[in-house]
Amino acid sequence: SSNQMWGGRFAAGPDAIMEAINASIGFDKRMASQDIAGSRAHAAMLAAQGIVTPSDAEAMREGLLTVLSEIETGEFAFSTALEDIHMNVEARLKEVIGEPAGRLHTGRSRNDQVATDFRLWVRDQLDAAVSGLEALMRALLAQAEAGADWVMPGFTHLQTAQPVTWGHHMMAYVEMFARDLSRVRDARERMNESPLGAAALAGTSFPIDREMTAEALGFDRPMANSLDAVSDRDFALEFLSVASISAMHLSRFAEELVIWSSAQFRFVTLSDRFSTGSSIMPQKKNPDAAELIRAKVGRIFGANVALMMVMKGLPLAYSKDMQEDKEQVFDAADNWMLALAAMEGMVKDMTGNRANLEAAASAGFSTATDLADWLVRTLGLPFRDAHHVTGSLVALAEQKGCDLPDLSLEDMQSVHAAITADVFDVLGVHNSVASRTSFGGTAPVRVREQIALWKEVLG
Ligand code: ARG
C-alpha cells in the first residue's frame, strides 16, 4: 500500500530494503518527548495566530499528551513503515483525535521539525554534561583537600621530574574539567535558537509566530535564516567536539589511574566497586572502568569525525544524509555521560597511598632542580654552571648507588668546594614542594587557595 503521508503521488509502497535503509524510528524514538514538545508549541501557535481553531488546537494538545503517555508507559507501537518519530507520532495522533491531527503540519515540515527536536535533545545532554562535570570536579576537590600536602613525583616523559603535591595533581584535572564545562556552556548558548517555522527550507506563507514557538521551547530566539535552520548540524558537531575534548581529558586521567594502580607504582588503590577480578589469576584486581573510559574516547572522536564527513559535502538545504547525525550523537552522549559518572565514582572511592607516593617522590633525584637553584641562590653561580655541578652530583650519587640527600658533605664539596651543610635542607621533598609558592605552583599553600576558590565556585 502507498504511504499515508504522501500516498497522493505514489502508486506503490517501498521495497523492504528501501524501508530498512530509510527508517530512523529504531533510534530517533529517543526524541519522542522533544518531538511532542515541539508539536505542542506549534499547535498552540497555530491557534494563537488564527491558523487553526481553538478547539482543533485543544484536541491536538490533549491528543499529543495521550501519545506522550503511551510512549512513556511503553504501550506505543512504533512502526518502521512510518519511518521516523515525527510520522509515528502524527499517525497515532490521527488515530486518537481524528481530523484535527491533519492540520498540525500546517506551516511546518519534517525538516524544521527534526532540526528542532534534535536541538532540544542535544541541549538536554549539554545540561546533563554540566551536572556530570560538576560532580566529577567535586570528587576531585575532595581528593585534593585530603592530600593537599601529600608529596608525589611529578613526571615529564613519565620520568621523575620534580616533586609535586597530590592536591596539585588533582587540581590540574579540576582546571581541565572546568574548561570543558565552559565549552559546554558556550555551545549551549550558541545552539539555543529555534529552527521551528523554517518549514521545508524557504519559510511559509502562513502568518506563523516563530518568536512564540521559540519562547515556548526555551530557545532564546528563532534562527534568522530558514535555509540555515534546516540544514546545518554545527550544533551537533560542536557537541561532539566538546565531548571529544572532555573525553580526552577523562582518558588521560584514566591512563594515569591504570598506571598508578599497578603493583609497580601503588600510588592509588581503586575500590572493589570500580574494579574487576580475573577468572584465572586469583590475585588480580583490574582497573577496568579506567580502561573503558580510556577506550570510550575512541568512539566519541569517531562520532565527531563521522558526522563531519557526513556533513562536509552536502549542498543546502536538507539532504537525507543528515538522518545519520543522530546515532553518532546518541552514542557519543551516552558514552560521555557514562565515562563522567564512572570517573566520578572511581575518584570518590579511590585511596591515595600517601607513603608510597612520598617514597616515590624522593626517588630518581627529584630534587636536583632544588639543588641547582640553591647553588644559584646561595653561591651566586650562574644557572648553567649550577646545572652542570648538580649534574656531576647526580652522576656521583648514581655511581654510589644512593640518592642526592644520602651524599655526604665531603662528597658534595669534592664537586664544588663552596657547598655548605644547609644544602641538605632543600633536598627533602617536603621542602621542595613548600618552596614552589609562585602563582599556580605546587606548594600546599597555593593548592589550598585554589581548592577554596573552586569550592566557592561549585557551591
Ligand atoms: N528522519 C528524518 C531525519 O532524521 C526526518 C526529516 C525527514 N525529512 C525529509 N525531507 N525526508 O532527518
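Remember, it's 1-based here, ligands and their atoms both numbered in the order they're listed. Not measured: the values here are computed from a predicted model.
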### Query
Does the side chain of I245 come within less than 4.5 Å of M248's, by heavy atoms?
yes
### Task
With a 4.0 angstrom cut-off on heavy atoms, strictly below it, pick out the residues next to ligand 1 and order them by chain and number.
S24, D28, D84, H86, R110, N111, V114, Y318, Q323, K326
#### Entry: Sequence neighbours excluded - salt bridge (Lys or Arg N to Asp or Glu O under 4.0 Å) pairs with any residue from residues 124-133
D127-R188
### Query
With a 4.0 Å cut-off, would you call K455 and E145 a salt bridge?
yes
### Message
Among H86, R30, K326, which residue satisfies the side chain to side chain donor-acceptor pair (under 3.5 Å) criterion with D117?
### Response
H86
### With sequence neighbours excluded, residues passing side chain to side chain donor-acceptor pair (under 3.5 Å) with S205
none
## Note on the structure
Those residues at least two apart in sequence (or on a different chain) that pass side chain to side chain donor-acceptor pair (under 3.5 Å) with R92 are E70, E95
